[in-house]
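Some notes on the structure that comes next.
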Amino acid sequence: MQTRLNNRCAGLRAPQGTLIRGQAAAAVVPCSRPARRVQIVARAADANLHSGNSSQSFDEQHDSSSSSTSSSSSGKCPFLAALPAPPPAQNAWWRRLQQLFSPADYQKEALGPHSMVSAPAQMMMPPQYVLGTADMVKTAFAGEAEGLTTVAPSGLMSSRSLLGDQSLLMLPEPQHKYLRNLIMPAFTNEAIERLVPRMEAVLQRYLDAWADAGAPVKAHNELRHMTFEFIVAVVLGRDYPEATISRLSGLYTTWAGGLLAWPFIDLPWTPFGKAVAAKQQLLDFFQAAVDEARLQLAAGHAVPGILGSLVSAVDEQGNRLTDAQLGDNLLLIMLAGHDTSSTTLTNVMADLQSNPRVVERLRQEQQAVVAKHGSRITGAILKEMTYADAVIRETLRLHNVVSGLMRQAAKDFELGGYSGVVRQAAKDFELGGYSVPKGTVLYLPVTHVGLQDPRFLEQHPEAYAPERFMTPEGQKPGAQMPFGHGPRFCAGYAVAMAEMKVFLALLARGYDFDADTNTQWRQEIGRVPANGLPMTVSRRPAAVVAGAAPAAAARR
């Protein structure tokens, strides 16, 4: 339903469920700008939460509310002030820690049938609005460029203390855009192309070691070691002794574990306090690498790796990245390129074990690639591995590593038809029919909205089917946001996808595997197996790798 409305507040929508010309809709009330036409679909469960006569048209409700409050001296938008608050979260208070340890369950239970709910401050978690639709989540992401939303509040000690104030994840606009522009040259297609040979060498060495082991290996642990060694090598541009890698891996594990080390108390003997200490030791190691890279650069020598691109980056005024900017974002790159990739690959291996037909098709794709290009893997060839790409995306759809993110309202705005308690009021704006005051913490449940992707709801959404991402419709982003959205889309996305596709290519070409998926799964940084996913790996005949013999699925 489309309608034209006018108001002087800054851009409002009618409450969801309100009747407009006799039909339920959430209509935009453009304010301080020309009227425009839009159409918003509301959830029926929210319709009875709004005040006023449900049979009254929005024009009538709006006219009456405007006339009764237009003379208010507070300067607040009368329409926003009239909107009700979102309904409370549907789960019991004692289940709030599910947000950390079982996020998919928390998101589904908290939202219930509603498109947005309000969760109070509980269990050291901040009060927040939980957004329940992909459109709302995307707007919260994209709204940062317009000053509507900003990064998670400073009170979230876990994020800010461990990631750092200069991390891309923590910086608000416009500082985020400035820093991202300096960092992005490290992640261009040309830069990724230069990293592929090192990727292939590291991943091939691990696959060979697993095959030579002659006994099961713990896939999750091995994949973590593999991706850690890889990310250190490609970020810092050199190989390190095993003892150094082992020490760094231990520090990294302690640091990353602090992100979920509730309660977040910074004392030397607490897991969170140990994580803060480990972070400083990692930063000290990075600083030594940065100092050496700067000396090499000053001497006119090329500096390899992502670090080389970062220390070489310069803005229009000749400024380079500071020590804090480099350190915090080297940590972020490690997090994005290590835990997220290893956890995704662990889930991929479990999914492949349960779906041998998918392994068969991966092998067929690699046979075709090798027949056309030979065995060498390049960035250009990775783009032709469309089924491997679909396999990764399907695993991320079902088991997204980053289950939810937080944002904070930078201004008062209206989101889906509900008004919250006003804090630090500025000027108002709108989104989807709900009012959100400045300062409100917004929880973006990317796992929940991805599982509710309307494109797949009638295609057995619980099934593992990479083919769903091979269709023209499936290749669109839809409600899938495993790497974020808008200005916060993951800078290292291309590195992560290249690493995982190289691994799948090498696996499908040269190895059989058999994994023990009979285990419970727990939440760490993503969904991980309690048993470590024991897996045996063996080499395939060379003739099969070359495509001269039929491919076989993963051995049972």
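As the structure is a computational prediction, the values presented were derived from the model and not from experiment.
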Review point. Do Leu451 and Leu398 have side-chain heavy atoms sitting under 4.5 Å apart?
Key: yes

Exercise for review: Please report the closest heavy-atom contact between Pro466 and Tyr387, naming both atoms and the distance.
Suggested key: CG-OH, 3.8 Å

Review point. CD1 of Ile231 to CG of Leu248: how many Å apart, nearest 0.5 Å?
Key: 13.0 Å

Review point. Would you say Gln475's side chain and Met470's backbone share a donor-acceptor pair under 3.5 angstrom?
Key: yes

**Study point:** Under 3.5 Å donor-acceptor, Asp323 side chain and Gln287 backbone
**Key:** no

Point to revise | Smallest separation among heavy atoms of Thr254 and Lys274, with atom names | key: CG2-O, 3.6 Å

**Study point:** Flag side-chain contact, heavy atom, 4.5 Å: Val232 against Met334
**Key:** yes

Practice item. Look at Lys476 together with Asp453 and state whether they make a salt bridge at an N to O cut-off of under 4.0 Å. Key: no

Please list every donor-acceptor pair under 3.5 Å in which a side-chain atom of residues 192-201 meets a protein atom from a residue at least two apart or in another chain.
{"residue": "Glu193", "atom": "OE1", "partner": "Gly379", "partner atom": "N", "Å": "3.0"}
{"residue": "Glu193", "atom": "OE2", "partner": "Gly379", "partner atom": "N", "Å": "3.3"}
{"residue": "Arg198", "atom": "NH1", "partner": "Asp239", "partner atom": "OD1", "Å": "3.0"}

Review point. Which atom pair, heavy atoms only, marks the closest approach of Ala289 to Leu236?
Key: CB-CD2, 4.3 Å

Exercise for review: Keeping the roles fixed (side chain from Thr343, backbone from Thr340), state whether a donor-acceptor pair exists under 3.5 Å.
Suggested key: no

Study note, to complete from the structure: Rounded to the nearest 0.5 Å, the CD atom of Glu394 sits from the CG atom of Asn347 at a distance of 12.0 Å

Point to revise | Glu229 (side chain) donor-acceptor with Val202 (main chain) under 3.5 angstrom | key: no

Exercise for review: For side chain to side chain contact (heavy atoms under 4.5 Å, CB included), just list the numbers for Thr346 and Val528, CA-CA rounded to whole Å, side-chain angles, deciding distance to a tenth of an Å, and then say yes or no.
Suggested key: CA-CA 7 Å; Thr346 299; Val528 302; 5.9 Å; no

Review point. Any idea which heavy atoms bring Gly132 and His448 closest together, and the distance?
Key: O-CD2, 4.2 Å

Practice item. Anything under 30° is parallel, anything over 60° is perpendicular, the rest tilted; go ahead and classify Tyr443 against Tyr106. Key: perpendicular

Practice item. With the side chain counted from C-beta on, respond yes when Arg393 and Asp389 share a heavy-atom pair under 4.5 Å apart, and no when they do not. Key: yes

Practice item. Find the distance between NE2 (His225) and OH (Tyr206) and round it off to the nearest 0.5 Å. Key: 7.0 Å

Exercise for review: Provide the closest heavy-atom pair for Ala479 versus Arg455 in the form atom of the first, atom of the second, distance.
Suggested key: N-NH2, 4.0 Å

Please list every donor-acceptor pair under 3.5 Å in which a side-chain atom of residues 300-320 meets a protein atom from a residue at least two apart or in another chain.
{"residue": "Ser312", "atom": "OG", "partner": "Gly308", "partner atom": "O", "Å": "2.7"}
{"residue": "Asp315", "atom": "OD1", "partner": "Gln317", "partner atom": "N", "Å": "2.9"}
{"residue": "Asp315", "atom": "OD1", "partner": "Gly318", "partner atom": "N", "Å": "3.0"}
{"residue": "Asp315", "atom": "OD1", "partner": "Asn319", "partner atom": "N", "Å": "2.7"}
{"residue": "Asp315", "atom": "OD2", "partner": "Tyr178", "partner atom": "OH", "Å": "2.6"}
{"residue": "Asp315", "atom": "OD2", "partner": "Asn319", "partner atom": "ND2", "Å": "3.1"}
{"residue": "Arg320", "atom": "NH1", "partner": "Val311", "partner atom": "O", "Å": "3.3"}
{"residue": "Arg320", "atom": "NH1", "partner": "Ser312", "partner atom": "O", "Å": "2.9"}

Practice item. Go through the steps to decide whether Met385 and Leu504 satisfy the test side chain to side chain contact (heavy atoms under 4.5 Å, CB included), and finish with yes or no. Key: CA-CA 10 Å; Met385 300 179 188; Leu504 287 180; over 6 Å; no

Review point. Between Phe230 and Phe503, is the ring centre distance below 6.0 Å?
Key: no

Check your understanding: How long is the gap from CG on Leu331 to CG on Leu163, to the nearest 0.5 Å?
Key -> 8.0 Å

**Study point:** Verdict with supporting geometry, Leu332 and Asp328, side chain to side chain contact (heavy atoms under 4.5 Å, CB included)
**Key:** CA-CA 6 Å; Leu332 177 60; Asp328 286 351; over 6 Å; no

Review point. For the atom pair CZ (Arg527) and CZ (Arg522), what is the distance rounded to the nearest 0.5 Å?
Key: 12.0 Å

Revision key, fill the gap. Rounded to the nearest 0.5 angstrom, the NZ-CG distance for Lys501 and Leu506 is 13.5 Å

Review point. Using the ring of each side chain (for Trp, its six-membered ring), is Phe228 parallel, tilted or perpendicular to Tyr252, with breaks at 30° and 60°?
Key: tilted

Check your understanding: With side chains defined as the heavy atoms from C-beta onward, is the minimum distance between Phe272 and Leu162 less than 4.5 Å?
Key -> yes

Point to revise | Distance-minimising heavy-atom pair for Ala278 and Leu251 | key: CB-O, 3.5 Å

Review point. Side chains of Gln452 and Val449: does their closest heavy-atom pair fall under 4.5 Å?
Key: no

Check your understanding: Does the side chain of Glu292 come within less than 4.5 Å of Arg238's, by heavy atoms?
Key -> yes

Point to revise | Candidate pair Leu444 and Met136, rule side chain to side chain contact (heavy atoms under 4.5 Å, CB included), full reasoning | key: CA-CA 8 Å; Leu444 284 49; Met136 288 183 183; over 6 Å; no

Practice item. Using a 4.5 Å cut-off on heavy atoms from C-beta on, say whether the side chain of Met500 contacts that of Val348. Key: no

**Study point:** Heavy-atom side-chain proximity of Gln480 to Leu396 below 4.5 angstrom
**Key:** no

